[in-house]
Amino acid sequence: MSVQGSWSGKFAFILAATGSAVGLGNIWKFPYITGENGGGAFVLVYLLCIAAIGIPIMMAEIMLGRRGHQNPVNTMEKLAREEGASSAWKLVGWMGVFAGIMIFSYYSVIAGWALSYFADALRGVFSGITAEGAGKHFNTLLGSWPSLLAWHTLFALMTILIVARGVRGGLEKAVSIMMPALFVMLILMVGYAMGNGEFMKGVHFLFSPDFSKLSGAAVLTAMGHAFFTLSLGMGAIMAYGAYLPKNVSIGATTITIAIADTVVALLAGLAIFPIVFSHGLEAGSGPGLIFTTLPIAFGDMPYSSLFASIFFLLLVFAALSSAISLIEPAVARITEKTAMSRGGATFLVGGFSWLLGIGSILSFNMLSEHKLAGKTFFDWMDYLTSNIMLPLGGLFIAIFAGWVMSRKSSGDELSLSGFSYSLWLFLTRFVAPLAVLIVLLKVSGVLDTLFI
Ligand code: PFF
C-alpha cells in the first residue's frame, strides 16, 4: 500500500473526493463559461451531462480504482489482464496522467489569482470598490507577469509540499471545515445578490433555456465541464477509489458528491449574475468574471475586507484540495513503479507542470495576441484537456467498465443488483459513450461529412 494508507472510512473518502470535485471549476469556471455560452440552455445541458454521463462514469472510476488498487495506469493494466483484454487499456491511464499535469499547469495560475486577491482583501483594497475599479484592478494583475508568476509559484509550491509529504490528514480535516464554510459564504453572497442585484434577471439567465443560443461547441463545453467539475476522465477519482473500503456503497457516495458539486456551482452562478446585470457588466467577459464581480459585492458590504479575505482564502483551499488530485495519478505512477522517493516524484511532476504554467501566464499579457486558430496557449490547454482528453478518457472508462468487464465483476464491486444495476449498466454501456462520441464527432465535423 502506498504512503497514503487506507481511508479511515467512508467519510474520509467523501471528503477527499468532494475536495477534488469542488474547486475553481465550480466557482471560477462554471460562471464564466455559462456567461460565454448564453446561460440557461448551456446550464441545462451541463446538468443533463452530470446526471446521465458524470454519475455513471464516476461510479465506474471509483469501482475500477477500488478493484485495481494502484495508480490509474497499473489499475487499467491489471484489470484488463483480469478480464482477458489487451494491456493497451493502460493508455487510458497514461492519458489521464498527462491531462492532470496539463490541467494543473493553468489551474495553479488561476489559483494564484485567488491568492493575490486574498492578499489584496487583507489590505482592504476592495472596500467601496466600484465596478470600474474592480475591472481595472483585475487588468493590472493580469498585465503583470512577474506578479502572476510569483502567485503561481506560491500555489504550486503549496500543492507540491502537501503531495510530497503524502499526509493528507491535515488537509482533509481542514476541508471538512472549509467546505461548509465556503458553502455558507456562497449563501451569504447569494443573499447579497438578492437584496442588491438584479436577482430575477440572474435566475432567468441561468434557468430559462433559449436553445437558439446553443451552438455545437457550447454542447461540447458543457459536456467537458461535467467531466472537469467532477474530476472525471483522468483517473483522479480512480486513484482515490483505490483506498475506499470494501463495504462502502459507491452509488450513494457518488450521488452525494455530484449533488454537493452541482449545488456549489449553481450558488456561485446565483451570486454572480445578479451583480453582472445590476452593474451593466458583460456576462461573457471570460475568465475574469468572478474577479471583477465579487469584489463589487464585498466592497459594498459591512466588514468588506473581512468577508472578502475569508472568501478568497476558502477559494484557495478549495483549489488546493482539487490541485493535489491533479498531480496524484502521475506521482503515484512514478513512486509505485520506480525507485524514486515520493518527494522527488512530486517535485519532478509539479516542477514540470509549473514550467508549463508559464505559457498560460504569458497568455494573459505578453502573448495575449499570439493565437493559434483563435486560441491562446491557456485556451488551448483548457480546450484540449476539458473538451477532448477528459471526455475521451471518460469514454474509454465507460467502455471498459460497461463492455470489457464482466457483469459479475462490476456487479460485485458496485454491490448493485436488480434495477439499480441495470440502470447503471445501461447508462455506462450506451448513454454515456454514445453521448460523448456523438458530441466529439459532431464538433470535429466528422458527423457532418458522414451524413452529407
Ligand atoms: N474538479 C476540479 C474543479 O472543479 O475545480 C478540477 C479537477 C480536479 C479536474 C481533478 C480534474 C481532476 F482530475
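In each ligand, atom 1 is the first atom listed, and ligand 1 is the first ligand listed. Numbers here are sequence positions counted from 1.
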Per-pair distances, 0.1 Å, donor-acceptor, side chain in residues 250-258, under 3.5 Å, sequence neighbours excluded:
residue, atom, partner, partner atom, Å
T253, OG1, S249, O, 2.4
T254, OG1, I250, O, 2.7
T256, OG1, A252, O, 2.7

Qualifying ring-ring contact (aromatic ring centres under 6.0 Å, His included) pairs, either residue in residues 39-63, two or more places apart: F30-Y46, Y46-H225
is_close_aromatic(Y117, F312), centroid dist under 6.0 Å: yes
Heavy-atom pair with the smallest gap, counting every atom of A111 and L24: N-CD1, 3.7 Å
K375 atom NZ: more than 12 heavy-atom contacts under 6.0 Å: yes
Shell of residues surrounding ligand 1, defined by a 4.0 angstrom heavy-atom cut-off that is strict: S20, A21, G23, L24, G25, N26, Y107, F228, T229, S231, M234, A236, S322, S325, L326
All salt bridge (Lys or Arg N to Asp or Glu O under 4.0 Å) counterparts of R67, not counting sequence neighbours: E82, E413
